[in-house]
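Worksheet: one structure, shown below.
Note that the structure is predicted; figures quoted are calculated from it, not measured. All ligand and atom numbering here is 1-based and tracks the order in the structure.
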Amino acid sequence: MEPFIIPRDPQLGLRFLTARARRTAPAGPGTRHRLFWARNGIFHALRAFQVPAGARVLVPAYLCASAVEPILAYGAAVEFYAIRPDLRVDLDDLAARIGHDTKAVLAVHYFGFPQPMTDLRQLCDARGLWLLEDCAHVLTGEIDGRPLGTVGDASVFSLRKFLPLYDGAELRVNFDRPGFRIAWCRTTPLFALKVAKNLVEMTSGPLGRALRGRLSVGAWRDRLCSGGPTGDAHVLAMDTNSTSFDPAMVDMPMSAMCCFIADHSDVPAIVAQRRRNYHRLQRGLATTGAVAFALGELPTAVCPWILPVFFPGIEQAHLRLRARGIPAVTWGGVRPLGVSAAEFPAADFLYDRLVFLPIHQGLDDHGVDLMIETVRSVCREAATSAPSSRSVGAP
Ligand SMILES: Cc1ncc(COP(=O)(O)O)c(C=O)c1O
């Protein structure tokens, strides 16, 4: 693992937990299904829609492969539609691609910022299409007075992107589909132990140190992977950070321990801390004069997942930041096959250039300021380096 100078993900600690259980899903009429991964929810949403095999599903050209693979695994065809450089759906391009065999549209609220759901709903209703709201980057939020995740016919959330969880996602089905159910696979005590071990590794403070001291990762792996019913080896070998769709995991429920943590997470406090970090980082980076922001001001109802930024003129900025201990990423490594750079220049640019900076609730002012200082020095270094490291701007 790279030695980061700030935490990559939020740690599990008492600060953002409450004694009383809360529900993180938006209020609404739908049925909630708690799943291991959000990508599995995309697969099951197509089942709920009863999309016929071979039908086309329209998905944004800027997307990670883990959201595309379940559609292909389901047996539908994927067609990409354009996303604008400001990360909004290109409604004209989307409408132009709807054909007789198109059955569903997937729309992503990138980084928690809402897409124009009223327009998307109208378009889908007018053309007889199912609308799947991808809320993988949403913890809470609303658009036109409606909670995100309630306008689409179904929506998927990836709770583990916001909360200190090993696994955790939700599918909401917002219409009545009698008989729709997920044939949950049976989890075993070994699986529960694997979840527990990973949660311990994510635990901060004295408790985490004490527990970790007693657990050697290698010894646990050996203990957990030896024996057990058939199927355990697969589940135990699986890595939740994988970005692939695994058909063997599609009916896996969210673990009981992660359900408990999600239900006892202090969502308002988490939202407040993320918004604070986002604002502080944005303000600090603005003073460097070397960073461009992909999105405008943070709307009041948005809980940001990350801060997306461009480094105009700096090649591979995320790798330079990682080399200095900042867990910056792009979607360059998870780009789905088949997104043509010539057809989708804006998406191509985003894969290459849009850098995600962490703003999670586990960061304090000191961590955010460290990030700002590191960005400043990376920009200074790039300014004095060879012209070959310079690059072009946005399309
Ligand atoms: C837009 C989007 N949708 C779906 C997913 C899949 O989420 P999960 O990792 O919970 O399967 C991701 C994962 O990064 C994502 O970014």
May I ask you to list the atoms of ligand 1 that are less than 4.0 angstrom from any heavy atom of [X]?
X: A38; value: 7 (O), 8 (P), 10 (O), 11 (O)
X: V108; value: 1 (C)
X: C64; value: 12 (C), 13 (C), 14 (O), 15 (C), 16 (O)
X: S158; value: 7 (O), 8 (P), 10 (O)
X: A67; value: 3 (N), 4 (C)

Show the atom names and distances, to 0.1 Å, of all donor-acceptor pairs under 3.5 Å that link a side chain in residues 297-311 to residues at least two apart or in another chain.
{"residue": "W305", "atom": "NE1", "partner": "K161", "partner atom": "O", "Å": "3.4"}

Protein residue, atom and distance nearest to [atom], heavy-atom basis:
atom: atom 6 (C) of ligand 1; answer: S66 OG, 3.6 Å
atom: atom 3 (N) of ligand 1; answer: D134 OD2, 2.6 Å
atom: atom 13 (C) of ligand 1; answer: K161 NZ, 3.1 Å
atom: atom 11 (O) of ligand 1; answer: R39 NE, 2.7 Å

Next item on the list: Say whether A169 and ligand 1 are in contact under the criterion: heavy-atom distance to a ligand atom below 4.0 Å.
Entry: no
Check: Quick one: does W331 get a heavy atom under 4.0 Å from ligand 1?
Finding: yes
What I want to find out is whether [X] reaches [Y] closely enough, with some N-O distance under 4.0 Å, to be called a salt bridge.
X: R324; Y: E381; result: yes
X: E343; Y: R97; result: yes
X: D369; Y: R280; result: yes

Note to self: Polar contacts were defined as any N/O atom of the residue lying under 3.5 Å from an N/O atom of the ligand; does this apply to H137 and ligand 1?
What the structure shows: yes
Notebook entry, point to check: Can you check whether H44 and W184 have ring centres sitting under 6.0 Å from each other?
Noted result: no
Margin query: In this structure, is the centre-to-centre distance between the rings of F245 and W37 below 6.0 Å?
Written below: no
Checklist line | Flag if over 12 foreign heavy atoms under 6.0 Å of CZ, F175 | finding: yes
Note to self: Quick check: do Q50 and P52 have side-chain heavy atoms less than 4.5 Å from each other?
What the structure shows: no
